[in-house]
There are 2 protein chains.
Amino acid sequence: MRSAHDDRTARAVIRDRALELFAARGPDSVTVRQIASAAEVSPGLVIHHFGSKEGLRSAVDEHVAGVFDGLFARAEAGGLDMSDGRSFAETLLENLPPGSPIPGYLRRLLLAGDAAGTAIFRRWFAAGAAAADALVARGLMAPGRDPVVRTAFVMAGDLMLLLLRDQLADVLGVDPLGAEGAARWAEEVLDIYRNGLFGTEGETS
Amino acid sequence: MRSAHDDRTARAVIRDRALELFAARGPDSVTVRQIASAAEVSPGLVIHHFGSKEGLRSAVDEHVAGVFDGLFARAEAGGLDMSDGRSFAETLLENLPPGSPIPGYLRRLLLAGDAAGTAIFRRWFAAGAAAADALVARGLMAPGRDPVVRTAFVMAGDLMLLLLRDQLADVLGVDPLGAEGAARWAEEVLDIYRNGLFGTEGETS
DNA sequence: CCAGCTGCTGAACAAGCGTTTAGTATATTG
DNA sequence: CAATATACTAAACGCTTGTTCAGCAGCTGG
């Protein structure tokens, strides 16, 4: 029997397996029995720990929100490598275990217009605005005529790497968040951000 | 008996109501009975016409793909207002009835990684690449160092307006696809595309 | 020592699911 | 005209769903 202070209590295992299944197939098409079976416990225990399937769902939401909170806090404290040209999406992926279900879950939260997803989006936007302000203060970026819209545009361009990763990989023939793809993507985006789309100076360096 | 090409057959009504419900809540959380009730028919008729719920789902997918095919065909033939600075997302929205469930359905197709969604994304990308080629040929746009990535970036930035419309509206305080929001968005994006993010000149060339 | 927790299971529950079936009315065909 | 096919419904089918319940094992506090 596991101790109550064990990191991997049955409760945590259930929550993690639920997160994986929810991210992969969506909460509605995953059954309590499937979660229980993936966590190697009985269906009754799932309800015992979370009250209901809906309770499990919000526990997963809170867990994911907590992960993002931690990441944003680290970013604000400067504990993350956020050098110029690095997308936050890329940084986020590096600070998550490989194959983490969290990006997939975030995708579902945003697609469904879920309140938990909107909250994460707001925090992401706030972090992006803070980063933009810092760049502007250092003279490294122009605020633009409509700074809020500018921030939103840059941030959305970053987020879409996470959201449309599979589709972009399909048309590009390379994973835009893999090693090669990320480099190509970052170079091209930086070029646009530096010279614009219409800029005639296309000299390759 | 109504003709097979009449769009007001019960079959078409069921398909349209299913599209609306699928877009709003996701196919998995919508029941055959709810669709039947929305279409004011019996649950049995839904099965009679589509064979199964899965059959309905793919009929809806085909219908949506057909709408996009028509739109892309019109765009290629030059029948759509695609003047500079207009996002395709915006154009698309104007060529759909107000409150159409199709953008919401596309969102679900893309973010769930559905094959039907990937197919639409591919066509969208091809249309974007064609438009980019035309602009480059007319000297209105630089191809960039990595034209494929450049096209993907511009196209995804456009798509983002559709996919994150609600979240952007929340953060910006204005619907980015509404009259005022679209104008602000277009102006800022054009500014970036013209002068880059770092450009010190706030004037348009 | 034992009373009372907590973690946990297996079996059972009612409700709701997608689907089937039997049948009716209406239209088309030969 | 009878025969056949289509559009459609009401009721029921078997199955799966989320959840409940009674009970068991092992820890903990008095």
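Only heavy atoms go into these numbers, but all of them, side chains included; no hydrogens, no water, no symmetry mates.
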Approximate separation, where rounding is to 0.5 Å, of A:M155 CE and A:M160 CE
12.0 Å

With a 4.0 Å cut-off on heavy atoms, is B:V46 in touch with a base, just the backbone sugar-phosphate, or nothing at all?
nothing

Please determine whether salt bridge (charged side-chain N to carboxylate O under 4.0 Å, His left out) holds for the pair A:E188 and B:R145, giving the CA-CA distance in whole Å, both sets of side-chain angles, and the decisive distance to 0.1 Å.
CA-CA 7 Å; A:E188 191 61 31; B:R145 303 172 186 177; over 6 Å; no

Between CD1 of A:I14 and P of C:dG7 the distance, given in whole Å, is 11 Å

Separation of D:dG18 atom P from A:L21 atom CG, nearest Å, is 12 Å

What do you reckon, are the aromatic ring centroids of B:F72 and B:F88 less than 6.0 Å apart?
yes

Residue A:K53, side-chain atoms from C-beta onward, closest of D:dT9, D:dT19, C:dT19
D:dT19

Protein-nucleotide distance (B:I47, atom CD1; D:dT6, atom P), rounded to Å:
19 Å

Ignoring backbone atoms, test whether B:H49 places a side-chain nitrogen or oxygen under 4.0 Å from the OP1 or OP2 oxygen of D:dC8.
yes

The nucleotide from C:dT19, D:dT9, C:dG7 with an atom nearest the side chain of B:S52 is C:dT19

Does any residue of residues 25-38 of chain A have a heavy atom under 4.0 Å from DNA chain D, and if so, which ones, in number order?
A:V30, A:T31, A:V32, A:R33

Check whether any side-chain heavy atom of A:R150 lies under 4.5 Å from a side-chain heavy atom of A:M141, and answer yes or no.
yes

If you assign A:H48 and B:E54 each to the DNA chain C nucleotide with the nearest heavy atom, which residue ends up on the more 5' nucleotide?
A:H48

note: B:E40, atom CD; D:dA10, atom C1'; distance rounded to Å ~ 18 Å

Would a line drawn from the ring center of B:Y193 to the ring center of A:Y193 be shorter than 6.0 Å?
no

What one should report as the nearest heavy-atom pair of A:T91 and A:N95 is O-ND2, 2.8 Å

